[in-house]
Amino acid sequence: MPPSTPYRPTEPPDSPVHDSDSDADLDLQELDPTTSSHAQSSKLLGSKSSEEQRGPRIALRNLRMGGLRRTGKRTRGYGELGHNRDGDEDAMGLLDDGDDQPQRYSDGSGTADDDAPLLKEHGSRPRRSFAGDRIQNLANLGASLRLPSFMSSTSASRQEDEDDAAEQEENDPSASRAVAVGSTQLTRFPPNIVSNAKYTAFSFLPVTLYNEFSFFFNMYFLLVALSQAIPALRIGYLSTYIAPLAFVLMITMGKEAYDDIERRRRDNEANAEAYACLYFDEPDQPSHQVSRPRRKLKSSHRKTQRRSLNPRDRLSDIQEEEEQAQGQGLGQPSSYVQEISKKSRDLRVGDVLKLGKGQRVPADVVILKCLAPEGSTNQTQGLESIEEESLLADAPSDSKSAKGKEAEPTKAASEGGSSGEAFIRTDQLDGETDWKLRLASALTQNLPLEEFVRLRVTGGKPDKKVNEFIGTVELMPSKQHALSHNGAGEGDEGDRNQSAPLSIDNTAWANTVIASQAITLAVIVYTGPQTRSALSTAPSRSKTGLLEYEINSLTKILCALTLALSIILVALEGFSNTEGNIWYVKIMRFLVLFSTIVPISLRVNLDMGKSVYSWFIQRDPGIPGAVVRTSTIPEDLGRIEYLLSDKTGTLTQNEMEMKKIHVGTVSYANDAMDEVTAYVKHGFAHPPSDSSLVTPSSTYNTTSGVTATRTRREIGSRVRDVVLALALCHNVTPTAEEVDGQTVTAYQASSPDEIAIVRWTESVGLRLVNRDRRSMALESTETGKVVVQVRILEVFPFTSEGKRMGIIVQFYEHAQTTPPTFDAGEIWFYQKGADTVMSTIVAANDWLDEETANMAREGLRTLVVGRKKLSLEQYREFSTSHQEASMAINGRDAGLQQVVAHYLERDLELLGVTGVEDKLQRDVKPSLELLRNAGIKIWMLTGDKVETARCVAVSSKLVARGQYIYTVAKLKRKDNAQDHLDFMRSKTDSCLLIDGESLALFLTHFRTEFISVAVLLPTVVACRCSPTQKAEVAKLIREYTKKRVCCIGDGGNDVSMIQAADVGVGIVGKEGRQASLAADFSIEQFCHLTKLLVWHGRNSYKRSAKLAQFVIHRGLIVAVCQTMYSIAIKFEPEGLYLDWLLVGYATVYTAAPVLSLVLDKDVDENLANLYPELYKELTSGRSLSYRTFFVWVFVSIYQGGMIQGLSQILTEVDGPRMVAVSYTVLVLNELLMVAIEITTWHPVMIISIVGTFLMYIGSIPFLGGYFDLDFMLTWGFAWRVLAIGAISLIPPYAGKLIRRTMKPPSYRKVQGI
């Protein structure tokens, strides 16, 4: 290769260093291959090449050549300019230009005046007046999306490079990333690892300890434990206070560690998924040396050819160079390709993946090549008409050289190469059900695999916008150039690079799924945390249940009570009367003594309870496959007031099924479809002549074999027409698939609706067997013979604005391989679309509105089908107008639509209406109804279209029959927003249907007003929502209402929402487990959510509330006894129950019975489902409120006072006898209180209560150091224990019975029914 020559920094501003037909330019063909090909063939080769226009260009060209001379040695692409040219060669080039104008200015400068914009000044691109500002901007983009050149190692060009870098600084050079395809990158990028873990090895201890001690009662106990290190404050053993705290921390941190290890294990499964990659090996060293001179020879060969004045020779030269540059046909390939397998975690930026049907894309990729499987037919969405193709075919061959290096790939594609298309499913990313068409760039599609290492892909910095991407792909002279960080277009060989723009259509983001049969080769551009789906996902956060916060606030009250009690006891003695101890030391000692008021065992019991609830959930046969990933919040399942649900894959299966068809006078559904099959069977029975085919005008066999009345014949004809229309009017391609060794026909299309309709036409007897760009064939399923064959003349694809799809076809009258002439077959225009747009297009009728309304009420997605016959003259007139409109630069889309509306979309014959159902998940309707009755407000947040969301909301009964749906869509102005808010305030029983654009406006400008109205509505449906919007809505409801919010979803696009919620539930989806991995609870079906909330959630909350109050009671009663004792011994801070008695009371003697309360249940599962209103009352939080808390405090004070007071009165004030009586009564009191509180007995409860009692009796002989054992064997001890126990227990129990009789709780009422 010729050595690079550095730029001269002192280059004068008027000397161009950029030639207008340089291949570094983005020419029109690259920007828009379809339209530019028309534009070049019609305008550039048309009448504009007159002598007047040519003249000034020669002079201008001369000026440009002068500039090139001043620049020094330059290497030119396409064979226009050789090396070391002198003035004669420039003159030759000039003469050549005179004969070759259309080619020379193919990039659009041919229509420019003789003025300055064609000159290049320090990196600015020449302006193209032909394509207007849009193309100018895109061309500028191609130049700006490159790394700054200060990373170049060429010292001679450093000054120039610094100037360029400074200039590019304005375009944010850090915003771009250059990826050398198939090579190890010079820049370090993050690994491709999915992580839902909350902690790392380093952050685990500090984060968990911070979380633990951020709770008041943990901090309180830490301070109490530390106080025991001070001798003056020490009471009993140090371990009495340290051990329980350490135990609590061990339990909690162990559970957090286990949860996180489980998350990591599941992440590792996802990260270990194997993918096929292409490995590019270096060719032998000698072959490099052979190929280098060949490139030199190539350029000298170009120089010789350049002197020829024959344009044909120049064209052949371009073709030859193209062969060598692209395919390296005569030289050594740039690399050797092997296929290897890599785990997902080992994938790196620059790796080339080989993806097949059904595979999840593991990282953000740019598609390089699509290889269609053998025997399958490829379909291109932008289908061109036959006229357009023939127009291009007849264009002068000069247009080839006009296209420059784009000519050969285009030619290769037209010669039967794969069209470079793949379909992807994005429902895991953005919630949309439609498949998306993705394309390989024309530059890379026809490039041999060995040459991939010469490619460099440039893209923007990592971004969360899933619907935007701007970049370029460049074919460099060698692998080394692809790896170098010089911006293309700089340096000597820059002009020889080929580049093409990249857009969202050339990408597939992580977590999308390849849906088409084609093998897709794609290069990884973003990995791991830099992928679109990861950036749209908030980092995992530690979640804390509402119950924890409530208990935290209660312990603050208890602590205040402890402090008050300590100060009062010291004050009663008198601050000055303290002997031996200073008053504040006494207060501290009292605080330590009363520390049982704030029970440390509370955390242990609650954490163990949570583990039990998690075990119940995971072992429940009614919800198989359920996994608890965050075991700290099961009680929150019982407090949910807002449920935010995804649609696709959560409420629906994302499978469409044709349910109903109406043909004007009669409607067919379910079993009546057999009648349609009979009509189709006779309507498409094989014609008398074997070579004849059915056309819409064939009438000989519409109802043959049917004893037909006139009405029946009419219906038969209508059914045949509508089935034929549905079988032809679509964008579906049939493909052959191997399933269990059998070949089956599968269908590919961007919309699942279309596939559902084509499957339905097959089920009634008309199968689509073949489809390509130009033709379609249908066969009868009964005979297996082709009965309809059409030539496709035009396709008008579905757009979200147009809401309709049309096709113009010409019917073959006889089976033949070549297309018929235009006068030999009928031409028909078929169209299907939404009833809102089609009602004005079809001819007047009296049934369409009524029928579409009926179907909409059933939640079916309706499509209206119509047709129109075109005469040859009408079609030619339309085709001419359409061709002209397609060449317009400004307002092209509107112009094309106008032509279609004028010539085609008028008075169509209305054929029928179809109703397609988006299949719901199992038991979705009853589940939603039950949750609504449980007082939960349900919001549906989806990325799908407005119409789809409305249909599913109706069919799933999310919106009640007859409920008003208030739609807010495409809201762009703030002043209109206030009107919508006012209306919603006045009609709070309606359902709000809002799109993402309007939602964004409300969240930006009317945040509080919107949420204050929205939370009042029974149902809100938000569609076209981005993942971040979903998360924002969840956060907003939480912050505004302070209620518990549950989010449920199945896709990667739901992860942010799930993590933003108080409780996140993930459904294991078909394509991925990303949502279920990131969720707190994972289930397999939406209907399992009802059991999770109404049964497990309710039980968990009620049990934990009872358990918490009981543990507080257990600690408080000891503190009351301690207070009575301190008062009796003249306010001295001495312990009543020391060492083992205190530890044993909180553990061995009461722990098991109290913990057995987690098995209690007030109603059985059937009643909980039958009366979901029982769940509704939990949301008020009455089970654990200040009221119930103070009731328990008074019970504790009464019982503690009675036990300790009577013990002291009946025995002695201070001594082992009193301790023996009061401690025994205390333990028995606690066991009997547990028995009183139990609603439904469980064997474990009986065992724990009886077992604990026996354990206490058995341990008494070992407690001689605390009790008077001789006294305990007397009747005096027994009657005292029984009397005190009865006095402490009977009044609270009596009070409970009276309250239950006077005001029975809800569960008692439903049990009595």
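Proximity of D1162 to L1174: side-chain heavy atoms (C-beta onward) are nowhere separated by under 4.5 Å. A 4.5 Å side-chain heavy-atom check between K1102 and L1178 finds at least one atom pair inside the cut-off. L1289 has its side chain out of reach of L1228: every pair of non-hydrogen atoms, C-beta onward, lies at least 4.5 Å apart. Here the side chains of F1253 and V1227 are not in contact, with every heavy-atom distance at 4.5 Å or above. With contacts defined as side-chain heavy-atom distances shorter than 4.5 Å, the pair K1296/P1292 does not qualify. Side-chain contact between K1161 and R1103: present, with at least one pair of heavy atoms (C-beta onward) separated by less than 4.5 Å. Within the 4.5 Å cutoff, the side chain of N211 has heavy atoms near those of the V207 side chain. By the 4.5 Å heavy-atom criterion applied to side chains, N605 and R1114 are counted as neighbours.
In this structure, the separation between CZ on F590 and CD1 on I568 is 11.5 Å, given to the nearest 0.5 Å. Interatomic distance, E641 CD to Y1175 OH, rounded to the nearest 0.5 Å: 8.5 Å. Distance check: L1159 CG to F616 CZ gives 5.0 Å after rounding to the nearest 0.5 Å. For the atom pair CG of L1282 and CD1 of I1287, the computed distance is 11.0 Å after rounding to the nearest 0.5 Å. Between atom CD1 of residue I617 and atom NZ of residue K1091 there is a gap of 11.0 Å, rounded to the nearest 0.5 Å. Of the inter-residue distances, the one linking Y220 atom OH with F213 atom CZ reads 15.0 Å to the nearest 0.5 angstrom.
The aromatic rings of Y1256 and Y1223 sit tilted relative to each other, their planes meeting at an angle between 30° and 60°.
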Working note: T1224 + M1272, criterion side-chain contact (heavy atoms from CB on, under 4.5 Å); need CA distance, chi angles, decisive distance, verdict. CA-CA 10 Å; T1224 305; M1272 292 184 78; 3.9 Å; yes
Tell me, with the steps shown, if E212 and T208 meet side chain to side chain donor-acceptor pair (under 3.5 Å). CA-CA 6 Å; E212 287 304 302; T208 47; over 6 Å; no
Apply side chain to side chain donor-acceptor pair (under 3.5 Å) to the pair Y1125 and S1222, showing each step before the final yes or no. CA-CA 11 Å; Y1125 175 68; S1222 75; over 6 Å; no
After noting the C-alpha distance and the side-chain angles of E1230 and T1150, does the key distance pass the side chain to side chain donor-acceptor pair (under 3.5 Å) rule? CA-CA 7 Å; E1230 214 45 41; T1150 59; over 6 Å; no
T1211 and R1217: side chain to side chain donor-acceptor pair (under 3.5 Å), yes or no, with the steps? CA-CA 7 Å; T1211 52; R1217 288 188 174 191; over 6 Å; no
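Annotation for T544 and I633: closest pair C-CG2, 3.9 Å, computed over non-hydrogen atoms. Between T632 and K543, the shortest heavy-atom contact is OG1-O, 3.3 Å. Taking each heavy atom of V1120 and G1201 in turn, the nearest pair found is CG1-N, 3.4 Å. Nearest heavy-atom pair across D1268 and A1220 is N-CB, 4.4 Å. The two atoms that bring R1300 and P1305 nearest to each other are CG-CD, 4.2 Å, heavy atoms only.
Taking the six-membered ring wherever Trp is involved, the centroid distance between the rings of Y1137 and Y1145 does not fall below 6.0 Å.
With sequence neighbours excluded, the residues satisfying side chain to side chain donor-acceptor pair (under 3.5 Å) with S1196 are H1113.
Ion pairing between D607 and K610 fails under the 4.0 Å rule for side-chain N and carboxylate O. Of the charged side-chain nitrogens involved, none lies within less than 4.0 Å of a carboxylate oxygen, so that E256 and K198 do not count as a salt-bridged pair. Using a cut-off of 4.0 Å between Lys/Arg side-chain N and Asp/Glu carboxylate O, K1309 and E1173 are scored as not salt-bridged.
A donor-acceptor pair shorter than 3.5 Å cannot be found between the side chains of Y258 and S631. Counting only N and O atoms by type, the side chains of Y613 and S1104 include a donor and acceptor under 3.5 Å apart.
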